[in-house]
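Order of the sequence lines fixes the chain letters, A, B, ..., with proteins taken first and strands second; residue numbering starts at 1 for each chain.
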Amino acid sequence: MAELTYREAVARGIAQEMQRDPDVVFLGEDIAKAGGVFKATVGLLEQFGPLRVRDTPISEQAILGAAMGAAMTGLKPIAEIMFSDFIAVCFDYLANQYSKGRYMTNGQVKCPLVVRTANGGGARFGAQHSQSVENWCMMIPGLKVVAPSTPADVIGLFAASVRDPDPVIFLEHKSLYPVKGEVPDGEIVDELGVAKIVRPGSDATILALALMVPRAIAAAEKLKAGHGIDCEVVDVRSLVPLDTQTMLASVARTHRVFTVEENPRLCGWGAELVSIIADEAFYDLDGPPVRITTPHIPLPSSEVLEDLAMPSVDRIAETVRRSLGS
Amino acid sequence: MAELTYREAVARGIAQEMQRDPDVVFLGEDIAKAGGVFKATVGLLEQFGPLRVRDTPISEQAILGAAMGAAMTGLKPIAEIMFSDFIAVCFDYLANQYSKGRYMTNGQVKCPLVVRTANGGGARFGAQHSQSVENWCMMIPGLKVVAPSTPADVIGLFAASVRDPDPVIFLEHKSLYPVKGEVPDGEIVDELGVAKIVRPGSDATILALALMVPRAIAAAEKLKAGHGIDCEVVDVRSLVPLDTQTMLASVARTHRVFTVEENPRLCGWGAELVSIIADEAFYDLDGPPVRITTPHIPLPSSEVLEDLAMPSVDRIAETVRRSLGS
Amino acid sequence: MNRDREGAATARSNQQPMPPSQLSPDLRLRLYRLQTELREAEQRAYDLFLQNLVKGTSHLSLGQEAVAAGFAAAMEPGDLTFCTYRGHAHTLARGVPMDKVLGELMGRDNGLLRGKGGSMHLTSVEHGHMGSYAIVGAHIPIACGAAWRAQYKGEKDITVCFFGDGTTNIGAFHEGLNFAVIWKLPVVFVCENNLYMEYTPIGEVTAVKDPAAGRASAYGLEPIIIDGQDADIVYTTAKAAYDKARSGGGPTLIECLTYRYSGHSRADPAKYRPAGELDHWKGQRDPVRIYRERLLAAGVSESTLAAIDAEVMRRVDEATAICKAAPPPPAEILTTDVYADGGWAWRN
Amino acid sequence: MNRDREGAATARSNQQPMPPSQLSPDLRLRLYRLQTELREAEQRAYDLFLQNLVKGTSHLSLGQEAVAAGFAAAMEPGDLTFCTYRGHAHTLARGVPMDKVLGELMGRDNGLLRGKGGSMHLTSVEHGHMGSYAIVGAHIPIACGAAWRAQYKGEKDITVCFFGDGTTNIGAFHEGLNFAVIWKLPVVFVCENNLYMEYTPIGEVTAVKDPAAGRASAYGLEPIIIDGQDADIVYTTAKAAYDKARSGGGPTLIECLTYRYSGHSRADPAKYRPAGELDHWKGQRDPVRIYRERLLAAGVSESTLAAIDAEVMRRVDEATAICKAAPPPPAEILTTDVYADGGWAWRN
Ligand SMILES: Cc1ncc(C[n+]2csc(CCOP(=O)(O)OP(=O)(O)O)c2C)c(N)n1
Ligand SMILES: Cc1ncc(C[n+]2csc(CCOP(=O)(O)OP(=O)(O)O)c2C)c(N)n1
Ligand SMILES: [Mg+2]
Ligand SMILES: [Mg+2]
């Protein structure tokens, strides 16, 4: 056991996989010599050399396109898109290429790669550098989508992503980079598509992802202490594949469900989960499924405004409390 | 009254607005001399001249970027993206520019423009030329999203879109282009954000969009004739702004709701509508809200497969019947 | 305009034809057979539309056969091809069976992709044909990645990426070319300048006269323009570029002056072409006719060529028969191969 | 590397300095005042980070003042500016009050955008400053659109679009440049080549030596490289390009050789710079010092310049005081101005 920051876990996770497999290569902007603008890839160039860890021009389409061509022909590329907002300038590779090659060619074309990107708000970077884009990826058939909330999950889920034969979008939360957590020694390999009950409870189920997980847990503690409301918090961890069994089973026990999303409201992953639950667990529900999201607005830059926009511990707790009518 | 095809309605709708306002200009690939690859813009170059109707290079980012700069400074551009799938190569303008300029600048920057694009399947064009991308647009705060199902709506909603002070993504369904419909004479101006009950009914509410509207109506007739099930069909028409009142009121009457979406399943507009209804009309529902969608796969090219993938009249009717337990 | 375009092909090309001596008789017969095969297969594809046996869209290479044949003939087994929706010829040129190509156009179960991809996405990994891409420009960076893999693993294959004149104005072209050059990748970029995008002449929307060659210097590359209707020139130019790439010399960008006889796609009657333009190209610049006459002049017997022609027609007819007899794809494959496990399960 | 870069600025520029005579004394004093103001305002912004009064990120133009001052001084009222997240200097140069700029960096209610945009999105439409864009390259096509509007409406304003060296490798640059040229738009593209992207030297990822000028011919444009540390050269080059654009001559692409003193953003200590490089630029090529000495040599009195310096400092201090006293933005504005109706309602 060692205590690592989420940021350090990223570098260790990449190193673990590059160590294991010489076909794993890593490209992106300022990732090599500079060790990444978030300092999450420090030391990799030194450890694996300039042929495996490569700085690129500001050419996101070239980065993602090259990763695909390499993946199709035998490598296992890791591509970094510095901020997830920039997926918008190379979205074609996610929406039309990575996700469709295998299907369109009747299984001939493979695309085993990972796109790592810094996702989410809280850094006061403004509307073009703070977005939560999980749903941009989840809505595209053929992609897998992962978003860890702890340093241990960063390593384990990243390893599972690199070893996965399909294209995986790996969303690191930029506000979690400095956060510390316990990490087992030695190789860590987790599994995609397994949600984790991070706080058992009986009164309501709270489904959360990434930065919203610690907030949901804090809200649950607050509800317990202040109102005796006992919430079960589920860290969704992987949106595709999606562990619907764990979520449906939890709702079957608690009879109420809340989602906590950082993305703007419309067509988020919360809408998908709520729809699945409303359809398949309708008769388990004792009350309406409720989504707690960032309002449907661009994110403001000023800290007071950004803090108001994103779901906070208080807003989560208050929403659950009101809706449970205590 | 005249009978026009949906395709002819597009040209008439554009002409109506260009006639009215000299600041309305139109740019895109092959739209001028060629009259559009779907022949939906025939005659506009001749009528309005080469300064107002302009062919562009294959540069979608330049097309959408230029439209924004023109809109910011006083024009009302109409930009065509030939197939909606290509939004993926210029998605930054939708996701990060059009939608955020006004908010980020505290209201200084305006962006009154319309992006027209041929959306949807059924033409055997394969996975990169057949997608339904309503949710790509609906999920972005700051955009408006419209998708007409009839020639009359094409003209009326297009006029409303051009006159709207915000950026509007106008999704024309390529499989509807040849479809004919009655269109009133003279100027037609409709309103964004108003859904239409196209078939009243009492047993269940079916929410549909674009090509799925005629299919939902046909399914409703089938259910009535075959099983005495009387469905209310609502043409959503506009996803943003969204007429939740009409939908909630319908569900309050029928107590059951179904959505019929052409897009792949995850995070579609149906998930959003179902989530709103499950939350706000939970106690009105007598049974689970059900989404009828294309499965979460890329669209195949071969006609037999494509027809299996998209929601059909039979699949809609059968799903509703089974779920109503008749 | 017409004059200018007409003059273009030969006047603007900056590479010289090879003296026949340089290419072996066998190779030249192979180039003839290949061009004839591409011509007849595309002609048949066209006939099949007219019989309404091809659904959806389809983009023919009639008139552009010398480019596909010349570049493919110069490739080694294991070399990789990336092309566009206008890919029937490039697919056949790598040796993919004609019935699989026509079957895919017809959406039949015997198709190369069992009808799941369609005419715009012909792919045969076993033949080194890594795909036909229908988003303009998208495959340029992808091809760079395939070449990067070869460079990284020290494998000797090279990657060839075909695209059209109109593709030179999209962002991915710029990003891909710069990327290939700075990493010195073993990739050859081939611009088939057929004078038009879909319906719009390339000259009307491009800041330079030569859409590809006019951009070469922006990537530190030599501007190369060749007569794309002359298979010998195409072959020798290709060979030189491949050798350079294989020996670590980095990328080459080649602009081929060519012409498509039919419209952009089946939907296009190509009314926008100036009078006489099509006749000129068909009459004076037809690659198959040019090559046939050249071989006859070089002493190849008419009967030898006639035999090839007949053999090709026989194979086209055979392929057609196979496709017409083939069933549509079965419903079960609707949801196969979305993910590597063979299925489409996104949830448990 | 260092030598090379060091040599670059003057050696590579292909425009000559103006004989002082050509620029009026008033204009030159204005250029001095402007550069001094940009320098001191940015210096203050930096001090405010250190006091942790600026949250989020911030990108300074220290060292690049001559470019911002020269291009802005040559503009007419009504001309339009589009720039990047490195936009404080370009914003101030158009006359936007310093307290509004510093207030926005500090996320205060008195900020130019009331804290909704932040340092990367400074915009003041009333000053013709159409925005600071934080997606690399995105504003190049947008600037084209503003110029298109002027052309279409027969309005006489021109559009100036600033971006960095690293921006020349992204697709939107290519699409925008081609588009501007074929439509002959009244837009001037200004590449501020400060030798680095975020942390990576531009030379390591670019296929040509001059990231912008080396691409000019790909758009039929003349390659122009100037010494970006010399405000006189910048001004006269800008003026010529504006006149050309205003008179229907179409776009110009200008590469300015310059240098940023601080790291890319507040997070960057800029360790990657070769020893001596920063000293060289600060010591030999500082635009403010160069200009001050030139004015003294031209006979302007030390006291005149000292008075300007003092006046600028006074304004910087005033602005700082205003911002420190300003409250944070009120909660109500969280959901304002998403749509033109002033609100955010996406449903009824
Ligand atoms: C990004 C994108 N934009 C537009 C299209 C529509 N489109 C398909 S082919 C084509 C013309 C391409 O012209 P060119 O590159 O010259 O190739 P050619 O068809 O002549 O072989 C266009 C505009 C597309 N498929 N992808
Ligand atoms: C599309 C996109 N990719 C990457 C980034 C991250 N980024 C911000 S600034 C920058 C470097 C830009 O370098 P340059 O164009 O030289 O401008 P400079 O910062 O030197 O003024 C990068 C990579 C971004 N904002 N947008
Ligand atoms: Mg072409
Ligand atoms: Mg720079």
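Comparing C/Tyr339, C/Phe179, C/Trp344, C/Trp346 by how many heavy-atom pairs each has under 4.5 Å with chain A, the most go to C/Tyr339. Considering only heavy-atom pairs separated by less than 4.5 Å from chain C, the leading option among A/Val109, A/Asn96, A/Asn106 is A/Asn106. Chosen from C/Cys144, C/Ala146, C/Ala150, C/Gly137, the residue pairing most often with chain A at heavy-atom distances under 4.5 Å is C/Ala146. Options A/Gly74, A/Pro241, A/Gly142, A/Gly107 differ in how many heavy-atom pairs under 4.5 Å they form with chain C, and the most are formed by A/Gly142. Between chain C and the residues A/Leu143, A/Ile58, A/Val89, the most heavy-atom pairs under 4.5 angstrom are made by A/Leu143. By number of non-hydrogen pairs under 4.5 angstrom with chain C, the leading residue of A/Thr105, A/Val240, A/Ile276 is A/Thr105. Interface check for chain A: of the options C/Thr123, C/Ile142, C/Leu113, the most heavy-atom pairs under 4.5 Å are formed by C/Ile142. Ranked by heavy-atom pairs under 4.5 Å with chain C, the list A/Thr246, A/Thr56, A/Leu51, A/Val25 is led by A/Val25.
Looking at C/Met120, neither its backbone nor its side chain comes within 4.5 Å of chain A, counting heavy atoms on both sides. Of the atoms belonging to C/Ser124, heavy atoms from both backbone and side chain fall under 4.5 Å from chain A. Both the backbone and the side chain of A/Asp243 come within contact range of chain C, each with at least one heavy atom under 4.5 Å from a heavy atom of that chain. Looking at C/Glu104, neither its backbone nor its side chain comes within 4.5 Å of chain A, counting heavy atoms on both sides. Interface remark: C/Leu80 contributes side-chain atoms only to the contact with chain A (heavy atom separation under 4.5 Å). There is no contact between A/Leu64 and chain C, counting heavy-atom distances below 4.5 Å. Interface remark: A/Leu248 contributes side-chain atoms only to the contact with chain C (heavy atom separation under 4.5 Å). When heavy atoms are compared at a cutoff of 4.5 Å, C/Tyr152 approaches chain A solely by way of its side chain, counted from C-beta outward. C/Trp183 touches chain A through backbone and side chain together, each having a heavy atom under 4.5 Å away. Contacts of C/Leu177 with chain A are absent, with no heavy-atom separation under 4.5 Å from either backbone or side chain. At a 4.5 Å heavy-atom cutoff, C/Asp157 makes no contact with chain A through either its backbone or its side chain. For A/Gln108, the parts lying near chain C are the backbone and the side chain together; criterion is any non-hydrogen pair under 4.5 Å. For a residue to count as touching a neighbouring chain, one of its non-hydrogen atoms must lie under 4.5 Å from one of that chain's; by this rule C/Ala143 does not touch chain A.
Between the side chains of A/Glu232 and A/Ser250, at least one donor-acceptor pair of N or O atoms lies under 3.5 Å.
For C/Phe162 and C/Phe82, the gap between ring centers reaches or exceeds 6.0 Å. Annotation: C/Tyr85 is not in aromatic contact with C/His121 [ring centroid separation under 6.0 Å not met]. Aromatic ring centres of C/His90 and C/His129 lie farther apart than the 6.0 Å criterion allows.
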Step-by-step salt bridge (Lys or Arg N to Asp or Glu O under 4.0 Å) determination, A/Asp190 to A/Arg237: CA-CA 11 Å; A/Asp190 204 328; A/Arg237 303 206 311 156; 2.8 Å; yes
Quick one: do C/Arg114 and C/Asp109 satisfy salt bridge (Lys or Arg N to Asp or Glu O under 4.0 Å)? Show the steps, please. CA-CA 4 Å; C/Arg114 296 189 74 185; C/Asp109 196 36; 2.7 Å; yes
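A salt bridge does not link A/Lys76 to A/Asp21: none of the charged side-chain nitrogens sits closer than 4.0 Å to a carboxylate oxygen. Using a 4.0 Å cut-off between charged nitrogen and carboxylate oxygen, A/Lys110 and A/Asp166 do not count as a salt-bridge pair. With salt bridges taken as basic N to acidic carboxylate O contacts below 4.0 Å, none links A/Glu80 and A/Arg54.
Taking the six-membered ring where tryptophan is involved, the planes of C/Tyr242 and C/Phe71 are tilted, since the angle between them lies from 30° to 60°.
Checking side-chain atoms of A/Arg52 against main-chain N and O of A/Met18 turns up a donor-acceptor pair under 3.5 Å.
When the shell of 6.0 Å around NZ of A/Lys33 is examined, it contains 12 or fewer heavy atoms from other residues, nucleotides or ligands.
Cation-pi check for A/Arg116 over A/Phe170 is not met; the charged atom does not lie both under 6.0 angstrom from the ring centroid and within 45 degrees of its normal.
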